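For reference, the structure is listed below as structure tokens.
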Amino acid sequence: MTGTPLAIRRILIAMDRSRHGSAALETAAELAAALRAELAGLFVEDAELVAAAKLSIVRQVDESSVSDVGTDQIEQQLRLQAGQAQRDLAKAARSVRIEWSFESRRGKVAEQVNEAAKAADLVVIGKGGWASPGRLGSTALQVSASCAAPSLLLAHSMVRGCRVAVLSDESPSGIRARQIAEILAAATVHHPRFIDADSRDPAEEALDVGAGLLVLPRQSADPVDLEALLVRSHLPVLIV
Amino acid sequence: MGRELTAEDLALHLDPDDFGFETTEQLQDLEHVIGQPRAAEALRLAVGLRRPGYNLFVAGPQGAGRHAMVRIFLEERAANEPAAEDVCYVYNFQIPSAPVSLKLPAGHGRALAVDMDVFVEDLASALPAAFETDRHRMSRQVLEEEYAGRQEELFSQLRTRARAKDLEVMRAPAGLMFVPRREGQVLTPEALAKLSVEEREALTKEVETLQKESQDILRQIPTWEREHRARARDVDRETASQAVDHLLLALRQTHADVPQVIGFIDAVREDVIQNHRLFLASGENPGDETPQVADVRGLPLLRRYLVNVLVDQGGSSSAPVVYEDNPNFPNLLGRVEHRAEMGALVTDFNLIRAGALHRANGGYIVLDAHKVLSQPFAWEGLKRALRSAEIRIESIGHVQGMVSTVSLEPEPIPLDVKVVLVGNHRLCHSLQAMEPDFADLFKVVADIDEQMPHDAHALEVYPQLLATLTRRHKLLHLDRSGVTRMIEHAARITGDRERLTTRVRDLGEVMTEASHLAGEAGRSIVTATHVRDALEARRYRAGRIRTRMQEQILRGSVLIDTDGEQLGQINGLAVLQVGGDSFGRPSRITARVRMGDGKVVDIEREVELSGPSHSKGVLILSSFFAGRYAMDRPLSMSASIVFEQSYGGVDGDSASSAELYALLSVISGVPIQQNFAVTGSVNQLGRVQAIGGVNEKIEGFFELCRERGLTGEQGVLIPSSNVHNLMLRDEVVDAVENGQFHVYSVDTIDEGIARLTGQVAGEADADGIYPPDTINGKVQRRLQEMAEKREALSETGRRRGEGGES
């Protein structure tokens, strides 16, 4: 879904079992309800994980045991996770009474999310990595860098009806960022706050103006700076 | 012959001019109860003696002003005593099923409840708001980052070391996996197989080493998480405590002088802090994965901080005086209500409801004894409360052990109350005889007298009593004549000119009806005429049976003579009580005599239509005859007495003199004049004794004579000892005054028989012999004849018997 979005009708939620994933699902459901959009859940069975399970020297380690793991076992566990993800999605959707769909794919996670994002107007994803909750996860990083749809990365649930801050420039993505910000702001009582494109720390400025969401044009940010901002910011960040 | 009574003897006639007022409007209300010195003394003792068991039973007839008397006493006493305490129930934070009671100074309960309502309202928003402040968020984020940083550092080291060995740490569904990579791709099984044995062993060793290290890290994570959660909890508690302390600050200051309230506030504070999570919506607590309670914002959570004011004495400055009109078990002892929720009945301490004992605690409670005893378990509950000196709120089902479901067990409340039971004498005596606990719990009985002396003091206070009733019932006031008539009626109710009734209800009813008649006549004052008319109207309304019975006599269905003379026949007088009407009715009594063994046969008794008193009266007659006429020989007559046309049974001995007159008549052969009727009992010495209902009896015979036509010869014989009871209606008094009717008082049978027969009764000489031409002489002679005949018959029989034997 390329081009300038005039409306957000389909929100893709990339589901995993992390705590950021739970916050992402809750926020995605509330946004879908506020925008009257469909919520599309995506669970990706990591193909690398399946491939790794074929190696005889690889074991699965938890705090109490080291166990052999085979392809069948991994696939079964991933199916169970997908089933749980679908149930979580259904529950969240029911709680806000929205339409929903669910899809499970196999492949590289970021690739599959980016692929699915082509049919969505907005992607919501937890930003944390599984092994280091304070850091930006690899999937989130890849999605933020290359996703076709606007990508909302968050660590905590977005406060309902919060003020939206948008870093505005005149680039194509900057214009889209404003449009998206307007759409999101329309669901609240607040007008969007605009932050100077030259701002050194947009996240800090967004907090200063009382915003609960920062909208950034992807093209205006240096990838390294963007990663640093995403890591540093406690605000949900929407990359457009 | 007895004494003929004059009109003055027949009724009390007060002179209206003796009263120094025009109408009762000029009189003040009575501020005390009149005519009850004994009951008043009992009340004073019971009310003044605040010791266990000194509760009071006020015994007296209905309408005697029992409740008014108790009310006046108690309210006067209570006015000088301090207000009772408020009683509240609050949540028990340790044992939720046992709500805690608070006894607070009057007025504090309501104030505390209002304060807690505000607190609860504020708490619902203030606590979430406190958790949304930057300060709290930052505190939690610092913790989160510390925790994340700690994990990150370890995993980062692990990842770095793994990468140094060309291994990638991957998250598997149930743990971690260390996967060898080559050129960014996961090593395939084929590639792994191509490695040399040494390389594969080295790789395997590296993997195993990392697996072990990672396992050590993973094992620490739960401990870290616990530590992290504990620190997060501390931060949350700190935030919650600051928020709740701020809300409770004013409450603490307001109720600083009531330690119980401060204790309650401390408990509330601790509970709010302990359960602060329940006030927060899911997700509002940053980084918190703890599931929230589904109904965290629901009413049940907040209801626990409310205050249920059972008794609010805030508006009172005196001790409570409580009247419970429906003293059933829950109304007396309180109850726990339930409400339906999702098909189930639920309750909490806010649904505890006070009983009358709660409201009266520290003061007085007045209960109708009959109602208490007729309500299931109410008496038992009252006794238990008084014995234990505490009010324990339980359902009947639990008390009886029939229900075992979990319910609330509110903390019992110490009980200090004076219970006043009001009932009639019979109930009081029954309780004294049959209820072992009664004497312990109700040590004082106030015995209400239905009558008071008719003396100078009574004539002072009685008009005031009537004035009080007039105002209480919002009636027209009485003038002096109306007051006079009411006092005369008060004496008539007692059946004694020297007594006045204290049954104010009866007086009030007559006054209400008299006031109504006066109002209908367009008068603003009630006079004697209105009172008399009201009394006559009452008599008429209640007189259907009386009229029917009189009609039966007038039509000859029931035989009663009111003129002429008959041997062995006399008019007795009976009193019938039908509904609210009491009236006299003449009854024909006849006697027959023959030779026999000295027995007087009471036919009523033989057919079991007489009561024991009547039978006793008849048996006395045998003794009279034997003692007076047959001292030296056997009484050889056999007599029978019957109440003619009596089918409903008779009791009482008030006809025994009439029966004796009938017997004297039939034995002596001297007829009795039928224009007389007789009442009075007689002892075996021939003295005529007092009876009840004398007024109704005289009036009953008078009305019959009146209907047949007063001849000037008709009259009634009554015992002299009943003269002071005479309060006859004006109609009778007028007839006597005009010589159309007569009332005679007699002391002895001789006086009576002389009046009834017109002949001299006769007095015995020193040998016990009566003059032959007197009644007694004729009786004596007849009895002697019968004795002689009997002796002769006995002698003949004996001789025949002896001849037979020889």
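Since the model is a prediction, treat every value here as computed from it, not as a measurement. Chain letters run A, B, ... following the sequence lines, proteins first and then strands; every chain starts at 1.
Checked by atom type, the side-chain pair Arg79(A)/Gln84(A) shows no donor-acceptor distance below 3.5 Å. Using modelled atom types and a 3.5 Å distance limit, the side chains of Asp271(B) and Tyr91(B) yield no donor-acceptor pair. Looking only at atom types and distance, the side chain of His228(B) has a donor-acceptor partner in the side chain of Glu144(B) under 3.5 Å away. Side chains of Glu227(B) and Tyr147(B): a donor-acceptor N/O pair is absent below 3.5 angstrom, by distance only.
A donor-acceptor contact shorter than 3.5 Å is absent between the side chain of Asn275(B) and the backbone of Leu278(B).
Under the salt bridge (Lys or Arg N to Asp or Glu O under 4.0 Å) criterion, the residue pairs touching residues 32-53 of chain A are Arg10(A)-Glu38(A), Glu45(A)-Arg106(A), Glu48(A)-Arg181(B), with sequence neighbours excluded.
With a 4.5 angstrom heavy-atom cutoff, Leu187(B) touches chain A via backbone and side-chain atoms both. Looking at Gln220(B), there are no atoms closer than 4.5 Å to chain A (heavy atoms on both sides), in backbone or side chain. Looking at Ser67(A), neither its backbone nor its side chain comes within 4.5 Å of chain B, counting heavy atoms on both sides.
No more than 12 heavy atoms of other residues, nucleotides or ligands shown are found within 6.0 angstrom of CD on Glu99(A).
For residues 205-213 of chain B, the interface with chain A (any heavy-atom pair closer than 4.5 Å) comprises Val207(B), Gln211(B), sorted by residue number.
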List the steps and the verdict of side chain to side chain contact (heavy atoms under 4.5 Å, CB included) for Ile183(A) and Leu35(A). CA-CA 8 Å; Ile183(A) 291 170; Leu35(A) 299 169; 3.9 Å; yes
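In terms of heavy-atom pairs under 4.5 Å with chain B, the best-connected choice from Gln77(A), Arg59(A), Gln60(A) is Gln60(A).
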